[in-house]
Structure formats: C-alpha cells, structure tokens
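Note sheet for the following structure.
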Amino acid sequence: MGKTKIIGTGLSGLVGSRLAEILQNNYSFIDFSLETGVDILDIKSLEKHFLENKEAKVVIHLAAFTDTNAAWSQRGDKSGLCYRLNVLGTENIIKLCQEYGRYLIYVSTDFVFSGQKDGVYTEEDTPDPIEWYGQTKRWAEEAVLESSLPAAIIRLSYPFRAFFPKKTDLVRKMIEGLKKQTLYPLFIDQIITPTFIDDFAKGIDFFLKEKPVGIFHLAGESHLSPYEVGLEVARTFGFDSKLVKKGSLKEYEQNAPAGSRPFQRNLALDNQKITSLGIKMLSFTAALQKVKEQLS
C-alpha cells in the first residue's frame with residue numbers, strides 16, 4: 001500500500017520543509033508552490049493541480065506572507081501581496097476544498113491576538129489583531145470558519161529549528177548574535193511562546209490521521225520573555241550569559257518613530273487542548289537540547 005498523498009502549500013518554507021522531511025515516511029507531500037509552478041492566487045491553475053491530485057483528500061495550507069514589518073508597510077492595502085496571499089490565496093484554497101471535498105488544515109498565527117490579555121490565550125479567546133499581518137491571517141481564519149468546511153485552524157507561534165539556510169528564525173538569530181557578540185537587547189516585558197518545528201510536525205501527523213475540526217494552539221510548552229529565551233540559548237550553547245542584554249518593549253515603543261509597527265505585549269498561547277488529544281510539546285529547554293544535538 002502506497003503512502004497517503006497530501007497536498008501542501010508552503011512546503012518549501014521554514015516550517016513546511018521540515019514538516020515534509022519528518023513525515024516523509026508516512027505521507028507523500030505534493031508541493032503547491034511557485035517553485036513547482038502552482039500559484040495559489042491563480043484559481044484556474046490551482047484547480048488544474050487539484051484535479052491532477054484527486055487521491056489527495058487533505059490539504060495543509062502553510063503558504064503565507066509572514067514578513068511582519070513589510071506587512072505593516074502595506075497596511076490597509078488590499079491590493080498588496082500580504083492581503084492577496086494571506087486572504088485571497090486562502091479563499092481560493094477554501095473554494096477548491098469545498099468543491100472537491102477536502103479536509104483543510106489552515107496554519108495561522110498567534111499574531112491574531114492583540115497581546116493585551118493578562119494570562120494565556122486559549123482557543124476560546126476572541127482575536128483582536130493590532131497589525132496588518134495578524135489582521136490578514138484573522139480574515140483568513142474567518143473565511144475558513146464561515147466556509148463550514150471540515151477544517152482545523154492551527155495557530156503556530158515563533159517556530160524554530162536546527163537548520164534552514166533560507167530563513168533565520170528567532171533561536172538561530174540569537175545563536176548567531178551570541179557568536180558574533182552582536183546580540184541586540186532582548187525585551188524583558190514581552191511574553192512569547194517559542195515552538196519547536198519538529199514537535200509541530202509530529203502534532204500535524206495527528207491532524208492528518210484523525211482530522212479533528214476546530215481551532216487549536218499547536219504551540220510550545222513554555223511562555224518566556226525574549227530575554228529569558230536568550231539566556232536559555234546562551235546556557236545551552238555555552239555562551240557567556242553577560243552577552244545577553246536586557247531591553248524594554250515599553251521603552252522601544254516610546255522611542256519608535258511615529259507610525260511604527262505595534263508589538264504584542266503578551267503572546268502566551270495555551271496548548272492544553274492539543275495536549276488533551278495526546279500531542280506532546282517539549283519545554284523550551286528540552287527543545288533547545290534537541291537543536292543542539294542536531295547541530296553537533
């Protein structure tokens with residue numbers, strides 16, 4: 001019996017490429033991307049490729065415009081690439097999943113939240129994005145919810161992995177800064193939820209098999225300030241902790257030029273819903289150790 005075929009968008013990116021690598025023994029991933037000649041903004045081209053892969057009953061939609069600063073420069077512009085890719089591209093995927101009876105896994109973001117809540121964000125909290133990237137992802141979430149498709153909306157937060165030359169994630173950016181002794185000051189008054197992509201990939205395996213419906217936070221186990229993240233990276237990789245300098249989000253925003261992108265103060269995602277399904281996410285410390293082993 002052959003491997004189950006899965007249609008995926010964004011499989012050449014930071015998250016998608018690792019997901020396909022980890023799950024390659026169980027699934028045959030069909031990459032819908034510009035690299036393979038598929039433009040999700042071209043509905044006719046997209047439909048042609050759907051029809052060529054009728055046996056693939058699941059679509060995982062990772063492709064997105066994720067540069068938050070570039071997105072902010074496009075704010076309010078629905079002709080901009082951020083809006084078109086994140087909203088219109090997702091609407092095209094939804095339309096074809098409806099037409100051809102596919103289960104959809106839509107990968108969203110913690111940036112759909114304002115960051116003003118005290119405590120962790122659960123799947124029950126109402127999104128209230130404060131910048132353009134998060135807004136476009138929220139509109140895409142709403143399109144999925146309004147479609148009545150059998151679908152899972154999966155929110156991912158600050159993904160990191162051991163290798164990926166094409167894009168530097170938060171952890172590898174910190175490692176590089178520590179090596180060069182050029183690490184920028186790290187906020188002590190912001191909370192994030194770093195997520196090990198290897199754990200995320202294993203969690204996605206559950207969704208591919210069981211096809212649950214709803215909103216899920218497939219995010220890391222630890223809620224930390226960027227400063228705490230930096231200290232843990234320094235400790236794990238043997239750098240002097242004095243190289244990790246404290247910074248303040250509040251001060252940064254006070255001194256930022258008018259019209260600068262706003263930052264979320266608190267992006268602690270609660271992952272109890274996915275852990276209740278049996279999906280295990282490592283602590284940040286344990287995940288960093290895995291990264292270290294993979295890099296050695």
Side-chain angles (χ1 to χ4, degrees), residues 10 13-19 62 64-72 107-113 115 120-121 130-131 133-134 137 154-201 203 217-239 241 243-249 252-253 261-269 271 281-295:
L14 173 74
V15 177
S17 60
R18 184 62 175 155
L19 185 151
L62 283 148
F65 187 102
T66 58
D67 184 331
T68 51
N69 289 323
W72 182 246
V107 179
S108 190
T109 174
D110 51 343
F111 276 48
V112 298
F113 294 115
V120 296
Y121 280 100
I130 59 172
E131 41 75 75
Y133 164 67
K137 294 292 283 185
I154 296 179
R155 294 187 183 130
L156 174 60
S157 174
Y158 287 87
F160 66 94
R161 59 186 285 188
F163 303 99
F164 193 67
K166 289 196 287 184
K167 184 176 181 179
T168 306
D169 57 51
L170 178 69
V171 167
R172 283 178 295 126
K173 198 175 289 183
M174 288 185 179
I175 293 171
E176 198 59 32
L178 288 164
K179 278 181 183 174
K180 295 179 178 177
Q181 299 190 15
T182 57
L183 184 62
Y184 49 85
L186 300 171
F187 298 146
I188 59 172
D189 51 352
Q190 183 187 38
I191 298 296
I192 61 175
T193 310
T195 305
F196 187 33
I197 294 172
D198 292 25
D199 283 348
F200 179 81
H217 291 169
L218 188 48
E221 189 68 20
S222 305
H223 308 130
L224 304 162
S225 70
Y227 176 71
E228 289 170 322
V229 170
L231 287 177
E232 197 60 43
V233 170
R235 187 193 67 77
T236 300
F237 289 91
F239 295 103
S241 63
L243 294 171
V244 185
K245 308 296 184 186
K246 291 182 180 178
S248 165
L249 173 58
Y252 177 85
E253 290 189 317
R261 175 173 74 87
F263 285 73
Q264 298 87 348
R265 175 181 60 83
N266 170 35
L267 287 175
L269 292 192
N271 69 6
M281 307 297 280
L282 294 175
S283 69
F284 183 63
T285 301
L288 271 190
Q289 192 58 44
K290 291 281 188 186
V291 169
K292 184 181 179 181
E293 290 167 9
Q294 291 174 9
L295 288 171

Point to revise | Pairwise distance CG(L218) to CG(D199) - rounded to 0.5 angstrom | key: 8.5 Å

Review point. What distance separates N266 CG from F113 CZ, expressed to the nearest 0.5 Å?
Key: 10.5 Å

**Study point:** Pair T68-F111, side chain to side chain contact (heavy atoms under 4.5 Å, CB included): steps then yes or no
**Key:** CA-CA 10 Å; T68 51; F111 276 48; 3.7 Å; yes

Point to revise | side chain to side chain contact (heavy atoms under 4.5 Å, CB included) between L269 and V120, intermediate numbers included | key: CA-CA 5 Å; L269 292 192; V120 296; over 6 Å; no

Review point. So, S17 and K166: side-chain donor and acceptor under 3.5 Å apart, yes or no?
Key: no

Check your understanding: Do the two ring centres, one from F284 and one from Y158, sit under 6.0 Å apart?
Key -> no

Point to revise | Side chain to side chain, I197 and L19, heavy atoms closer than 4.5 Å | key: no

**Study point:** Any donor-acceptor pair under 3.5 Å from K292 side chain to A162 backbone
**Key:** no

Review point. Side chain to side chain contact (heavy atoms under 4.5 Å, CB included) between L186 and Y184: does it pass, once the steps are laid out?
Key: CA-CA 6 Å; L186 300 171; Y184 49 85; 3.3 Å; yes

Check your understanding: So, E232 and R235, do they make that salt bridge, N to O below 4.0 Å?
Key -> yes

Check your understanding: In terms of side-chain geometry, is the basic nitrogen of D169 or R161 positioned less than 4.0 Å from the acidic oxygen of its partner?
Key -> no

Review point. What distance do M281 atom CE and H217 atom NE2 have between them, rounded to the nearest 0.5 Å?
Key: 12.0 Å

Check your understanding: If you take all heavy atoms of A219 and S157, which pair is closest and at what distance?
Key -> CB-CB, 4.4 Å

Point to revise | Considering all heavy atoms, the nearest T195-G220 contact | key: OG1-N, 3.0 Å

Review point. If every non-hydrogen atom of V107 is compared with every non-hydrogen atom of K137, which pair is closest and at what distance?
Key: O-NZ, 2.9 Å

Check your understanding: Is the charged tip of R265 near the ring of F263: under 6.0 Å from the six-membered ring centre and within 45° of its axis?
Key -> no

Revision key, fill the gap. Output for pair (L295 CG, F237 CZ), nearest 0.5 Å, gives 5.5 Å

Review point. Does a donor on one side chain sit under 3.5 Å from an acceptor on the other, for Q264 and D110?
Key: no

Check your understanding: Rounded to the nearest 0.5 Å, what separation is found between the CG atom of L178 and the CG atom of L183?
Key -> 5.0 Å

Review point. Are F65 and Y133 close enough that their ring centres sit under 6.0 Å apart?
Key: no

Review point. Can you check whether L170 reaches I192 side chain to side chain, under 4.5 Å on heavy atoms?
Key: yes

Review point. Is there a side-chain contact between V112 and R155, using heavy atoms and a 4.5 Å cut-off?
Key: yes

Practice item. State, without any angle test, whether N271 and E221 hold a side-chain donor-acceptor pair at a distance under 3.5 Å. Key: yes

Review point. Salt-bridged, E176 to R172, with N to O below 4.0 Å?
Key: no

Review point. Roughly how far apart are I191 CD1 and E228 CD, rounded to 0.5 Å?
Key: 6.0 Å

Review point. Would you say V244 and M174 make side-chain contact, with heavy atoms under 4.5 Å?
Key: no

Study note, to complete from the structure: Between D189 and S248 the two heavy atoms that sit nearest each other are OD2-OG, 3.1 Å

Review point. Could you walk me through whether Q190 and S225 pass the side chain to side chain contact (heavy atoms under 4.5 Å, CB included) check?
Key: CA-CA 5 Å; Q190 183 187 38; S225 70; 5.8 Å; no

Check your understanding: Can you tell me if T193 uses its side chain to pair, donor with acceptor, with the backbone of L267 under 3.5 Å?
Key -> yes

Exercise for review: Please indicate whether E293 has more than 12 foreign heavy atoms, meaning atoms of other residues, nucleotides or ligands, lying under 6.0 Å from its CD.
Suggested key: yes

Practice item. Step through the shown structure and confirm whether more than 12 heavy atoms of other residues, nucleotides or ligands are within 6.0 Å of OH on Y252. Key: no

Check your understanding: Looking only at heavy atoms, which two atoms of S241 and A234 are closest? And how far apart?
Key -> CA-CB, 4.4 Å

